[in-house]
Amino acid sequence: MAETLPTYVDLTYVVDENVQVYPGDPAFSCCPILTIPKDGQTVHSIAMGSHTGTHVDAPYHFIQDGATVDTVPLSSFIAHAVVIDVTGKQPKECITWTDLLPHAKLIRRKATFPHGAVVLLHTGWSRHWQSSAYFEHPFLTRDAAERLITLGVKAIGVDTLSPDETCVDGTTPDFGVHDTVLGAGALIVENLTNIASIASGDWLVNFVPLKLKGLDGSPVRAFAWRAMDQLPPNAVSV
């Protein structure tokens, strides 16, 4: 009987010249350095910010002595997902602890699993990707973030530019969620997509970054697979 392979769900945006970035962040650029017709091989030069596309924030993003992305243990980037549907939220509306409370028991339970828990807030805002409406996303309150950390989550992920409010008028938003989550040594994953595909069942999410020395974050290829699809017993992680 043929072995059943795990099902993988891609949660990551394509990175190209159209990738939407946080206000003030550098745009993505890519240009060929070598080509097959001329050089017999293809090589490109890439320039982008550390928070381009689907990416993870390390504590150092907001905490002066926080862990940089290369020093965060690999185990921190894999967790059981708790997907919370907040698609009823309007532009710029707060996501409060009242919205999350019905899921508290599940979050607390999954936080005790060997891989821990990541809360994924499904706002549905990925439908606005590459439009001005994407900046008008709902956002989490500091109080709700504090309570999630108290429950033991290792990361919070969003299908928006930020778990905090995004301002495009030049004002500085209150980064209460970033301060709370990263200050606790936990992680933030931003610009996720396709979260609805893992809304039911038990899924493990991988958001492993590039090992960029001394940096505050990194693009990731976030994906999920069903938790029952385990590695072979003789598999070794190095």
Side-chain angles (χ1 to χ4, degrees), residues 10-30 44-72 74 76-79 95 118-121 123 125-126 128-140 142 145 153-195 205-223:
D10 197 350
L11 305 174
T12 311
Y13 283 112
V14 171
V15 176
D16 60 16
E17 65 277 5
N18 298 312
V19 66
Q20 197 160 9
V21 299
Y22 194 85
D25 280 10
F28 171 84
S29 65
C30 176
H44 286 75
S45 172
I46 298 172
M48 60 182 171
S50 52
H51 300 267
T52 300
T54 306
H55 66 273
V56 63
D57 293 355
Y60 182 55
H61 184 35
F62 270 76
I63 309 302
Q64 183 62 47
D65 59 350
T68 55
V69 74
D70 58 309
T71 62
V72 175
L74 275 176
S76 298
F77 302 108
I78 301 174
I95 301 168
V118 54
V119 167
L120 303 180
L121 300 178
T123 69
W125 230 250
S126 55
H128 298 301
W129 177 247
Q130 296 182 341
S131 77
S132 59
Y134 193 66
F135 296 108
E136 306 296 313
H137 58 82
F139 55 91
L140 193 63
R142 180 192 293 264
V153 301
K154 65 198 300 185
I156 295 174
V158 293
D159 57 356
T160 61
L161 271 172
S162 172
D164 288 301
E165 181 182 14
T166 296
C167 297
V168 295
D169 59 1
T171 60
T172 302
D174 173 18
F175 287 111
V177 176
H178 278 82
D179 287 336
T180 298
V181 176
L182 302 180
L187 304 172
I188 295 173
V189 193
E190 297 166 329
N191 292 328
L192 291 164
T193 188
N194 207 24
I195 293 179
V205 176
N206 178 317
F207 43 97
V208 174
L210 296 173
K211 196 171 184 178
L212 300 171
K213 184 175 178 60
L215 292 197
D216 48 279
S218 168
V220 302
R221 182 65 181 268
F223 66 94

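Contact check on D10 versus R221 returns a salt bridge, with a Lys/Arg side-chain nitrogen under 4.0 Å from an Asp/Glu carboxylate oxygen.
The shortest distance between side-chain heavy atoms of C167 and T172 does not fall below 4.5 Å. Within the 4.5 Å cutoff, no side-chain heavy atoms of F139 are placed close to those of I95. Two residues are said to be in side-chain contact when any heavy atoms from C-beta on lie closer than 4.5 Å; D174 and R142 meet this criterion. Within the 4.5 Å cutoff, no side-chain heavy atoms of P219 are placed close to those of V15. V208 places a side-chain heavy atom less than 4.5 Å from the side chain of L74.
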Could you walk me through whether Y60 and L215 pass side chain to side chain contact (heavy atoms under 4.5 Å, CB included), step by step? CA-CA 7 Å; Y60 182 55; L215 292 197; over 6 Å; no
Going through the distances and angles, do Y134 and N191 end up as a side-chain hydrogen bond (donor to acceptor under 3.5 Å, both in side chains)? CA-CA 10 Å; Y134 193 66; N191 292 328; 2.7 Å; yes
Can S76 and L187 be said to form a side chain to side chain contact (heavy atoms under 4.5 Å, CB included), step by step? CA-CA 8 Å; S76 298; L187 304 172; 4.0 Å; yes
With side-chain hydrogen bond (donor to acceptor under 3.5 Å, both in side chains) as the test, would you mind laying out the steps for D216 and S50 before giving the verdict? CA-CA 7 Å; D216 48 279; S50 52; 2.9 Å; yes
Tell me, with the steps shown, if L182 and D57 meet side chain to side chain contact (heavy atoms under 4.5 Å, CB included). CA-CA 8 Å; L182 302 180; D57 293 355; 4.2 Å; yes
Please test H128 against H137 for ring-ring contact (aromatic ring centres under 6.0 Å, His included), starting from the C-alpha separation and ending with a verdict. CA-CA 9 Å; H128 298 301; H137 58 82; over 10 Å; no
What do the steps show when you test T68 against K213 for side chain to side chain contact (heavy atoms under 4.5 Å, CB included), and what is the final call? CA-CA 7 Å; T68 55; K213 184 175 178 60; over 6 Å; no
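For the atom pair F28 CZ and N18 CG, the distance stands at 10.5 Å (nearest 0.5 Å). Expressed to the nearest 0.5 Å, how far OG1 of T12 lies from NE2 of H55 amounts to 12.0 Å. For the atom pair CG of L11 and CG of L120, the computed distance is 7.5 Å after rounding to the nearest 0.5 Å. Annotation: the span from E190 atom CD to T52 atom OG1 amounts to 11.5 Å, rounded to 0.5 Å. In this structure, the separation between NE2 on H44 and SG on C30 is 4.5 Å, given to the nearest 0.5 Å. To the nearest 0.5 Å, atoms OH (Y13) and OG1 (T54) are separated by 7.0 Å.
Minimum interatomic distance between I195 and L121 (heavy atoms only, all atoms of both residues): CD1-O, 4.0 Å. Closest non-hydrogen pair, A186 versus V153, comes out as CB-O, 4.3 Å. When all heavy atoms of L210 and S218 are compared, the closest pair comes out as N-OG, 3.0 Å. Between S126 and T193 the shortest heavy-atom distance is CB-OG1, 3.7 Å. Contact between T160 and P138 at its shortest, heavy atoms only, is CG2-O, 4.4 Å. Residues I78 and K154 share a closest heavy-atom pair of O-NZ, 3.0 Å.
Checked by atom type and distance alone, the side chain of D70 pairs as donor or acceptor with a backbone atom of G214 at under 3.5 Å. Here the side chain of W125 pairs no donor or acceptor atom with the backbone of F135 at under 3.5 angstrom. Between the side chain of Q20 and the backbone N or O of Q130 there is at least one donor-acceptor pair closer than 3.5 Å. At distances below 3.5 Å, at least one donor-acceptor pair connects side-chain atoms of D164 with backbone N or O atoms of V177.
For F62, the ring pair (Phe, Tyr, Trp, His ring centres under 6.0 Å) test picks out F175, H178, with sequence neighbours left out.
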